[in-house]
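First comes the structure, then the notes that go with it.
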Amino acid sequence: MNDKELNQKMKMSKDRVRKHLMKHMDDFVFLNVSDEILEKEELREIMRSIPLPIEKEKIRQEQDIKGEEIMKNLVFVLGIDSKFPYKKQYVEFLVGVYQDKLITALLDLALTYLGKLAWIQACAVYRVVLILKPDDMYALYGYARVCREIYTAEEDDGELIGDFKAEAFEGFEKLSLLYPDFADVYFFLGYGYLNMGLYVKASLTFKKFIELTTDEETKKEAQERLAQIEVPVKLELACNDILAGRFQDGKEQLMTYAQGEYLEWWPLHYHLGIANAGLSLIEDAIDNFKQVLLLSPSNINAMVELIKLYRAIGDREMEKKYAKKIDFIMSEGTVSIDAYKAE
């Protein structure tokens with residue numbers, strides 16, 4: 001494996017979690033070790049003058065440093081830091097030690113960490129496997145699951161939660177594309193879509209899981225989720241019709257939910273407004289978007305639609321009113337609304 005190939009593999013796409021893992025580098029000091037630990041002559045040559053990670057705690061307690069522990073530390077560091085300066089030498093060292101058994105050895109190490117609920121360590125090991133074999137099914141699934149464990153265990157760090165959640169979701173999506181008959185992936189992917197409010201995708205994904213799985217307990221759970229999102233799925237399909245220009249069809253479907261528990265759901269009124277505007281029912285559309293603002297007072301999308309409607313009927317005063325409201329909300333000036341102001 002040449003430098004260019006290794007750098008490409010180490011350049012993990014959107015390595016959004018590296019910054020959260022890097023704090024664990026503080027647990028190590030990097031030292032040159034004896035030839036006895038490196039064992040084989042060719043491995044000594046690879047690692048000549050290359051420092052290896054030693055746990056600071058081992059040094060403080062003056063404990064013996066074993067080759068096996070250094071191997072684990074080396075893997076951990078390589079998995080933490082995708083920009084590690086000695087990545088080429090570390091990978092060559094691992095390959096030299098384990099030969100064609102390296103992937104199996106790493107997956108076994110990850111399972112050992114999982115058994116200890118050591119999520120960060122398992123995460124790092126799976127990242128190393130994915131450097132060496134990016135499409136490995138077991139590593140992709142293990143990595144996505146571990147990322148999920150990490151973010152669900154966190155309560156305070158919103159950025160960490162978001163980054164590990166995105167990493168897990170991306171992993172499950174990739175698995176579904178590479179291994180479409182891998183049942184368990186669809187269970188977690190379904191929940192991912194559900195959390196994003198993508199009810200149609202969640203429904204289709206849970207149905208795929210039910211079709212493939214042999215686990216009766218999780219099948220029952222997926223069936224219960226399907227029943228719970230039956231109405232949200234219909235609402236989303238109606239909204240999709242409206243956004244696709246099928247205004248009358250979408251409106252008729254949404255109107256069946258215009259009373260009761262969904263009356264306070266602002267997207268219902270927003271999409272009814274889009275439908276009515278598309279059907280040239282301007283006053284009805286204006287009422288819809290005003291209802292959106294009663295439920296979601298800073299909803300800029302509704303204000304933009306009101307500006308368009310008031311411009312269409314020549315009401316410059318109301319057009320300017322909502323343009324000023326948007327200016328106030330976007331007071332930092334990050335979004336220009338010049339296109340919606342009176343000409």
Side-chain angles (χ1 to χ4, degrees), residues 6 9-25 68 71-82 84 87 90-91 94-95 97-98 100-154 160-193 195 205 208-209 212-215 217-218 221-222:
L6 183 61
K9 288 190 173 187
M10 287 292 296
K11 196 175 182 181
M12 303 177 82
S13 62
K14 299 179 183 177
D15 192 1
R16 54 177 72 88
V17 302
R18 175 180 178 269
K19 59 181 176 288
H20 304 293
L21 298 173
M22 284 297 290
K23 62 183 180 182
H24 297 283
M25 292 289 278
E68 183 181 354
M71 289 296 182
K72 290 180 180 179
N73 294 345
L74 186 151
V75 170
F76 187 49
V77 166
L78 193 58
I80 287 174
D81 188 3
S82 56
F84 190 66
K87 55 183 179 270
Y90 276 27
V91 169
L94 288 171
V95 172
V97 172
Y98 292 100
D100 58 354
K101 295 182 175 62
L102 176 56
I103 298 296
T104 300
L106 290 172
L107 291 174
D108 287 344
L109 179 58
L111 287 175
T112 299
Y113 285 133
L114 291 178
K116 299 176 180 178
L117 305 184
W119 307 128
I120 296 295
Q121 287 81 355
C123 175
V125 176
Y126 283 128
R127 283 164 63 88
V128 175
V129 178
L130 293 173
I131 289 168
L132 301 169
K133 193 177 178 183
D135 294 343
D136 185 90
M137 183 179 75
Y138 300 106
L140 279 169
Y141 183 64
Y143 182 56
R145 288 291 305 271
V146 167
C147 287
R148 190 174 188 271
E149 292 290 347
I150 291 171
Y151 81 73
T152 54
E154 179 59 45
L160 182 148
I161 292 170
D163 287 336
F164 275 97
K165 183 179 288 189
E167 197 81 346
F169 183 78
E170 189 175 278
F172 289 130
E173 276 205 319
K174 185 174 181 179
L175 276 163
S176 71
L177 295 173
L178 292 174
Y179 306 101
D181 294 328
F182 190 176
D184 288 0
V185 169
Y186 297 99
F187 182 77
F188 295 103
L189 199 53
Y191 274 107
Y193 287 130
N195 291 333
T205 305
K208 183 70 173 177
F209 171 71
L212 293 174
T213 189
T214 57
D215 187 313
E217 184 176 348
T218 50
E221 182 176 338

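FYI, the numbering just counts along the sequence from 1.
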(request) With side-chain contact (heavy atoms from CB on, under 4.5 Å) as the test, would you mind laying out the steps for Tyr151 and His20 before giving the verdict? (result) CA-CA 11 Å; Tyr151 81 73; His20 304 293; over 6 Å; no
(message) Could you tell me if Glu167 and Tyr143 have a donor-acceptor pair between their side chains, going purely by distance under 3.5 Å?
(response)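 On atom types as modelled, these side chains qualify, holding a pair under 3.5 Å.
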(message) Using the rule given for side-chain contact (heavy atoms from CB on, under 4.5 Å), can you reason through Val185 versus Tyr179, listing the C-alpha separation, both sets of side-chain angles and the distance that settles it, and then say yes or no?
(response) CA-CA 9 Å; Val185 169; Tyr179 306 101; over 6 Å; no
(message) Thr218 vs Phe209, test: side-chain contact (heavy atoms from CB on, under 4.5 Å). Steps then yes/no.
(response) CA-CA 9 Å; Thr218 50; Phe209 171 71; 3.3 Å; yes
Taking the side chain as every heavy atom from C-beta outward, state whether [X] and [Y] have any atom pair closer than 4.5 Å.
X: Lys133; Y: Tyr138; answer: no
X: Ile150; Y: Val17; answer: no
X: Leu111; Y: Leu107; answer: no
X: Phe76; Y: Ile120; answer: yes

(request) Step through it carefully: locate the ring centre of Tyr193, locate the ring centre of Phe169, and say whether they are under 6.0 Å apart. (result)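 Aromatic pair counts; centres sit under 6.0 Å.
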(message) Closer than 3.5 angstrom, by distance alone: can the side chain of Asp81 be matched with the main-chain N or O of Val77 as a donor-acceptor pair?
(response)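 No: the side chain of Asp81 does not pair with the backbone of Val77.
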(message) Can a donor-acceptor pair be found, under 3.5 Å and without considering hydrogens, that links the side chain of Lys19 to the backbone of Arg16?
(response)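 Yes.
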(message) Restricting to non-hydrogen atoms, name the atom on Ala110 and the atom on Ala122 that form the minimum distance, rounded to 0.1 Å.
(response)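 Shortest heavy-atom separation between Ala110 and Ala122 comes out as O-CB, 4.0 Å.
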(request) Please name the pair of heavy atoms, one in Arg18 and one in Ser82, separated by the smallest distance, quoted to 0.1 Å. (result)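 Closest heavy-atom pair between Arg18 and Ser82: CD-OG, 3.5 Å.
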(request) Can you spot which of Tyr186, Phe182, Phe188 makes a side chain to side chain contact (heavy atoms under 4.5 Å, CB included) with Ser176? (result)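 Filter result, single survivor: Tyr186.
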(message) Against Thr104, only a single residue in Asp108, Asp100, Leu102 fulfils side chain to side chain contact (heavy atoms under 4.5 Å, CB included); can you say which?
(response)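 It is Asp108; the other options fail the test.
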Distance in Å, [X] [atom1] paired with [Y] [atom2], rounded so as to fall on 0.5 Å steps:
X: Gln121; Y: Leu21; atom1: CD; atom2: CG; value: 10.0 Å
X: Leu189; Y: Asp184; atom1: CG; atom2: CG; value: 12.0 Å
X: Ile161; Y: Thr152; atom1: CD1; atom2: OG1; value: 9.0 Å
X: Lys174; Y: Leu130; atom1: NZ; atom2: CG; value: 7.0 Å
X: Arg145; Y: Tyr126; atom1: CZ; atom2: OH; value: 9.5 Å
X: Leu78; Y: Arg127; atom1: CG; atom2: CZ; value: 9.5 Å

(message) For Asp215, give me all partners under salt bridge (charged side-chain N to carboxylate O under 4.0 Å, His left out), at least two apart in sequence or on another chain.
(response)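 Checked Asp215 against salt bridge (charged side-chain N to carboxylate O under 4.0 Å, His left out); zero matches.
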(message) Between Phe172 and Tyr141, is the side-chain contact (heavy atoms from CB on, under 4.5 Å) condition met? List the steps.
(response) CA-CA 7 Å; Phe172 289 130; Tyr141 183 64; 4.1 Å; yes
